[in-house]
Amino acid sequence: MFLSTARATAVLAVALAAFAVSCGADPAAAPAGAAAPSSSAPAAASGSASAPAPASSPRPSSSVPADASVPPEKVRDAFAGLQATLDDTCTPAQCSYFLNRVYDELHRMDRAMKADPKGPGHFPEPIALIAKLDAELGGDRSFENLKEHQKSLIGTRDKINTWMQGHPDDYR
């Protein structure tokens, strides 16, 4: 009985690790043989000290390409991605990933709102909040700059979340 339980646990662990790596990997963004930024997540989650997360990993690519040939995303889908960051925090092992993810999700929302059939005028406050954040960041999305402006980054996310909660027709 113990052998079959151990074997099932090992198979499950391998499958989950493969899934985690495949979900976070962006083959176009990483050169051959390079680890994807999210590849440190399974190692950190397992408590392994042999593969610590880098202090300043390269910033992950945006979850939605800015390519004009890609059809615009729906506001509700972008909002779901933004809401998925609400329970996350800036832990020492994952702070760079978290701050970059919030930044990416805010900009997914921005692109989706500007491409929405209702027009960008329908989303004046969220678009203005993102523009204000971008002005504060000054085009520098390095981890050090995002960490310095973490309060503004998280505040912008929370204000947009509150605004969207007051406009349920825009995300349902």
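It should be emphasised that the depicted structure is a prediction, and the values quoted were computed from it without experimental measurement.
The shortest distance between side-chain heavy atoms of Phe79 and Met113 does not fall below 4.5 Å. Side-chain contact between Arg141 and Asp104 is present, with heavy atoms from C-beta onward closer than 4.5 Å. A heavy-atom distance below 4.5 Å is not found between the side chains of Ile127 and Met109. Within the 4.5 Å cutoff, the side chain of Ile154 has no heavy atoms near those of the Thr85 side chain. Using a 4.5 Å heavy-atom cutoff, the side chains of Lys159 and Trp163 are not in contact. Using a 4.5 Å heavy-atom cutoff, the side chains of Val75 and Met164 are in contact.
Separating the OG1 atom in Thr89 from the CD atom in Gln150 is a distance of 9.0 Å, to the nearest 0.5 Å. We find the CG-CZ distance between Leu99 and Arg157 to be 10.0 Å, quoted to the nearest 0.5 Å. Note: Leu129 CG to Thr156 OG1 = 6.0 Å, rounded to the nearest 0.5 Å. Distance CD1/Ile130 to CZ/Arg111: 9.5 Å, rounded to 0.5 Å.
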ask   = Going through the distances and angles, do Tyr103 and Asp134 end up as a side-chain contact (heavy atoms from CB on, under 4.5 Å)?
value = CA-CA 10 Å; Tyr103 179 91; Asp134 285 344; 4.1 Å; yes

message = Could you walk me through whether Lys114 and Asp110 satisfy the salt bridge (Lys or Arg N to Asp or Glu O under 4.0 Å) test, starting with their C-alpha distance in whole Å, then the side-chain angles of each, then the deciding distance to 0.1 Å, before giving a yes or no?
response = CA-CA 6 Å; Lys114 288 176 179 174; Asp110 189 52; 3.1 Å; yes

request  = Would you sort out whether Phe123 and Asp116 count as a side-chain contact (heavy atoms from CB on, under 4.5 Å), showing the intermediate values?
outcome  = CA-CA 9 Å; Phe123 304 96; Asp116 191 80; 3.7 Å; yes

ask   = Hey, mind stepping through Val102 and Leu146 against side-chain contact (heavy atoms from CB on, under 4.5 Å) and telling me if it holds?
value = CA-CA 10 Å; Val102 170; Leu146 291 178; over 6 Å; no

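We find that Arg108 and Glu73 are joined by a salt bridge, their nearest charged nitrogen and carboxylate oxygen being less than 4.0 Å apart. A salt bridge is absent between Lys147 and Glu144: the closest approach of a Lys/Arg side-chain nitrogen to an acidic carboxylate oxygen does not fall below 4.0 angstrom.
In this view, Asp140 and Ser142, Asn145 satisfy the side-chain contact (heavy atoms from CB on, under 4.5 Å) rule, not counting sequence neighbours.
The stretch residues 85-97 participates, sequence neighbours left out, in these salt bridge (Lys or Arg N to Asp or Glu O under 4.0 Å) pairs: Asp88-Arg101.
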